[in-house]
Amino acid sequence: MRMSNMFSRTLREAPSGADCKGYEYLLRAGYIKQLGTGIFSLLPLGFRSITKIQNIVREEMNRIGGQEILMPVVNPADIWKETGRYYSIDKEMARFEDRCGRDMVLAMTHEEAVTDLARGEIDSYKRLPLMVYQIQTKFRDDPRPRAGLIRVREFTMKDSYSFDRDQAGLEKIYAAHYNTYFRIFSRCGLPCIAVASDTGMMGGKVAHEYMYLTPIGEDTIITCDKCGYTANRQVATFKKECRKQEMKAIEKIETPHASTIDDLASFLGISPEETCKAVFMVGSFVNDRTGEEHDKLIVALIRGDLEVEEAKLQHAAKANDIRPAHTEEILECGMVPGFASPIGAKTEKFITIVDDSVAYSNNLVAGANEEGFHFLNTNFGRDFQGEVADIASARGGYSCPVCGAPLTSSKGVEIGNIFQLGTKYSDAMNCFFQDEDGRQKPVIMGCYGIGIGRLLACLAEEYNDDSGLKLPIVVAPYQVHLVSLVKDTAIAEKIYQELEDAGIEVLYDDRKESAGVKFADADIIGVPIRITLGNRSLKDGNVEVKLRGTGEVTHYSIDGLKDQILEEIRKEEKKIADNIVEKNL
RNA sequence: CGGAUAAUAGCGCAGGGGUUAGCGUACAAGUCUGGGGGACUUGGGGUCGGCGGUUCAAAUCCGCCUUAUCCGACCA
């Protein structure tokens with residue numbers, strides 16, 4: 001590629017709003033261009049990198065038996081109504097009517113479409129197992145896109161779907177994905193960890209997320225350095241020490257102005273662990289069949305020193321969605337914010353979820369539902385009831401649930417996830433096969449995603465310095481950047497031709513620009529191997545070869561340059577290949 | 001969806017009721033220069049986001065709308 005003919009240009013200054021380095025360089029180097037909030041075009045450089053990532057993904061998916069397909073972005077709403085997600089998913093999914101007034105959606109994932117395909121294909125156990133995948137555009141109307149390609153609305157995703165006759169088969173393909181994902185990310189040069197995760201709206205039971213750890217990440221990951229426990233904070237657990245005592249008689253006391261746990265604890269001269277806090281949320285519950293929706297107050301009871309993890313609470317309450325409650329909604333149920341508990345409240349009007357920290361402690365101080373009053377010695381089971389669950393948020397410093405060592409909290413970006421779906425979709429959409437025993441059984445499914453654009457964004461974040469990007473050669477848009485600084489272009493043209501003929505991907509800076517401009521552009525685009533033709537080395541019949549990654553400089557004779565460059569490419573590729581990660585579940 | 005901020009040349013910014021709206025950079029032409037965003041000269045590029053209002057006069061003040069960014073809620 002001749003730079004004189006390249007579609008994109010570099011920018012001296014970052015467009016305003018580019019808040020993280022990787023994003024800034026992707027914009028300034030001309031890899032991507034924003035069209036709207038969370039909507040980006042890929043320019044030639046970005047598209048080349050994305051294509052390389054996709055090819056790595058393809059190779060690895062094919063390696064574990066995946067068959068590539070392509071499903072439509074536009075889906076008739078009917079299949080989404082079959083699974084109920086037409087109703088349970090809110091504004092995240094774009095919807096429209098076609099010219100005949102049929103409900104249509106822009107598929108934000110493809111469980112419905114693939115299950116429709118599968119029910120037509122799979123009739124016998126003899127056809128199982130199967131696994132298909134696609135690399136395709138998704139649109140999710142995210143309420144808060146940010147950080148360039150990290151969190152967008154339209155994006156490219158690799159999604160694969162597995163079909164098995166039994167759980168053992170599912171676990172096998174799940175394990176294959178588990179390892180393959182490590183191979184994919186490490187083949188791109190991106191370090192990551194797998195964490196136990198929430199299944200969210202996908203349903204199913206077992207799930208892992210692949211996290212690239214970075215301060216700009218929005219997910220919080222809880223890890224144990226000692227035993228290797230890792231989990232997304234949404235599902236992370238920890239050891240709770242609970243105070244077991246003889247139950248004492250409940251007693252109402254005056255606690256003026258003590259409407260927060262801190263005030264209450266200091267007023268009574270006790271620690272927050274001796275109190276019970278009520279957190280109010282309103283859950284939205286949607287009927288999968290009819291789409292009817294109703295709200296109900298959820299009262300989460302948790303020990304005063306802990307915080308509620310909303311994702312856990314939502315699960316425990318089986319709500320489609322939860323939001324903080326308004327004061328009136330709390331009052332309506334007979335509770336007084338600041339001095340609230342379910343004791344004496346209209347318990348039929350709300351759902352009570354009790355964290356096990358409260359259920360297994362005794363004699364906690366709780367609200368008396370009267371301004372300025374609390375109860376001493378309240379006890380779960382005796383004074384109030386509710387469903388017991390773990391709804392507490394794990395924090396750094398808490399005790400590891402496995403080994404008891406202190407947990408660490410870090411930030412990460414989710415670049416992939418794998419789910420064991422089970423029969424949620426096959427049941428809902430009648431995707432059955434006939435087993436050896438002659439019986440109809442639902443196909444057991446799994447689904448597995450990788451955010452391709454987000455992967456590039458993370459790579460840009462991982463591989464940059466003060467001058468620009470320095471992506472690994474396996475994902476860089478070109479392998480070699482040929483910079484000619486001499487007037488006479490004959491030598492450069494000859495080298496360019498020779499390298500191209502050898503199948504090397506060359507970005508050739510044939511522009512009439514000053515040396516400084518060419519170097520600065522080369523640095524920001526970050527092609528891994530830079531060949532410089534200048535009088536300085538040319539007078540000895542040499543060219544200068546500089547590696548973007550390390551800054552290492554070598555001089556090679558023009559004769560036999562092609563072979564030297566091929567060798568450099570091999571060495572760059574080896575840096576990545578030597579560090580391919582394999583991990584078994 | 002709440003809160004905040006903003007929208008002036010491709011990009012980054014200044015101007016803040018009164019001639020023809022500026023600066024840097026980018027762009028075009030020319031001369032010089034030629035190993036780290038080089039110098040000089042000349043030039044082209046703007047319905048100042050949109051609609052409406054106030055005014056003799058609006059890029060500037062006011063209102064509404066749209067769009068974007070950040071924070072929060074949220075996020076498969």
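Computed from a predicted structure; not experimentally measured. Letters go in sequence order (proteins before strands), and every chain restarts at 1.
Counting only N and O atoms by type, the side chains of A/Gln314 and A/Glu310 include no donor and acceptor under 3.5 Å apart. A/Asn232 and A/Ser197 are not linked by any side-chain donor-acceptor pair at a separation below 3.5 angstrom, with hydrogens and angles left out of the test.
Ring centroid separation for the pair A/Tyr178 and A/His208 comes in under the 6.0 Å cut-off.
A salt bridge does not link A/Arg153 with A/Asp142: none of the charged nitrogens is closer than 4.0 Å to a carboxylate oxygen.
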Walk me through it: do A/Arg530 and A/Glu544 pass the test salt bridge (Lys or Arg N to Asp or Glu O under 4.0 Å)? CA-CA 8 Å; A/Arg530 189 183 85 192; A/Glu544 178 192 289; 3.6 Å; yes
For a side chain to side chain donor-acceptor pair (under 3.5 Å) check, start with the C-alpha distance between A/Asn464 and A/Glu461, then their side-chain angles and the critical distance, and finish with the verdict. CA-CA 6 Å; A/Asn464 69 62; A/Glu461 204 57 42; 4.8 Å; no
Does the side chain to side chain donor-acceptor pair (under 3.5 Å) test come out yes or no for A/Ser537 and A/Lys539, once each step is laid out? CA-CA 5 Å; A/Ser537 52; A/Lys539 65 178 191 295; over 6 Å; no
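Residues meeting the salt bridge (Lys or Arg N to Asp or Glu O under 4.0 Å) test with A/Asp390, sequence neighbours left out: A/Lys240, A/Lys312.
Using a 4.0 Å heavy-atom cutoff across all strands shown, A/Glu92 reaches at least one base atom of the nucleic acid. Residue A/Lys546 is in base contact, counting any heavy-atom pair closer than 4.0 Å across all strands shown. Here A/Ala515 lies in heavy-atom contact (under 4.0 Å) with sugar-phosphate atoms only. Using a 4.0 Å heavy-atom distance criterion, A/Asn417 is classed as a sugar-phosphate-only contact. Using a 4.0 Å heavy-atom criterion, one finds that A/Gly449 contacts no nucleic acid atom at all. Note on A/Glu310: only backbone sugar-phosphate atoms sit closer than 4.0 angstrom, heavy atoms only; bases stay farther off. At the heavy-atom level, A/Gln34 lies under 4.0 Å from the strands shown only through sugar-phosphate atoms. A/Arg511 comes within 4.0 angstrom of nothing in the nucleic acid, heavy atoms only.
Map A/Ser537 and A/Phe139 each onto its nearest nucleotide of RNA chain B; the residue landing nearer the 5' end is A/Ser537. Between A/Pro143 and A/Ser467, the residue anchored nearer the 5' end of RNA chain B, judged by the nucleotide with its closest heavy atom, is A/Ser467.
Pair assignment for B/A28 gives B/U42, based on Watson-Crick or G-U wobble hydrogen-bonding distances that are each under 3.5 Å. Nucleotide B/C13 forms a pair with B/G22, judged by Watson-Crick or G-U wobble geometry with both contacts under 3.5 Å. Taking a pair to require two hydrogen-bonding distances under 3.5 Å in either a Watson-Crick or a G-U wobble arrangement, B/C1 pairs with B/G72.
Comparing the same atom, P, in B/A59 and in B/G16 gives a spacing of 15 Å after rounding to whole Å. Nucleotides B/G72 and B/C62 are separated by 30 Å at their C1' atoms, to the nearest Å. Here, B/G36 and B/U19 have their C1' atoms 45 Å apart, quoted to the whole Å. The C1' atoms of B/G63 and B/U54 are separated by 11 Å, rounded to the nearest whole Å.
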Between protein and nucleic acid, restricted to nucleotides 24-29 of chain B and to nitrogen or oxygen atoms under 3.5 Å apart, what atom pairs and distances do you find?
unit_1, atom_1, unit_2, atom_2, d
B/G24, N2, A/Glu13, OE1, 3.2
B/U25, O3', A/Arg12, NE, 3.4
B/A26, OP1, A/Arg12, NH2, 2.8
B/A26, O2', A/Arg9, NH1, 3.3

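Closest approach to the A/Arg144 side chain among B/A73, B/G35, B/C13 is made by B/A73 (side chain taken as heavy atoms from C-beta onward). Set against B/G37, B/C75, B/C11, the side chain of A/Pro15 has B/C11 as its closest nucleotide. The listed nucleotides are B/G35, B/G36, B/C75; the one nearest the side chain of A/Arg536 is B/G35.
Judged by distance alone, with hydrogens and angles left aside, the side-chain atoms of A/Glu209 form no donor-acceptor pair with the main-chain N or O of A/Ala194 at under 3.5 Å. At distances below 3.5 Å, at least one donor-acceptor pair connects side-chain atoms of A/Gln34 with backbone N or O atoms of A/Gly36.
Residues from residues 476-495 of chain A placing a heavy atom under 4.0 Å of any atom in RNA chain B, listed by number, are A/Leu485, A/Lys487.
Taking atom CG of A/Leu533 as the reference point, atom C1' of B/G34 lies 14 Å away to the nearest angstrom.
For A/Thr37, a side-chain nitrogen or oxygen approaches OP1 or OP2 of B/A68 to under 4.0 Å.
Residue-to-nucleotide contacts include no donor-acceptor pair under 3.5 Å from the side chain of A/Arg323 to the base of B/C74. Counting atom types as modelled, A/Asn535 pairs no side-chain N or O with a base atom of B/G35 as donor and acceptor under 3.5 Å.
Taking CG of A/Leu313 as the reference point, atom CG of A/Asp355 lies at 10.0 Å (rounded to 0.5 Å).
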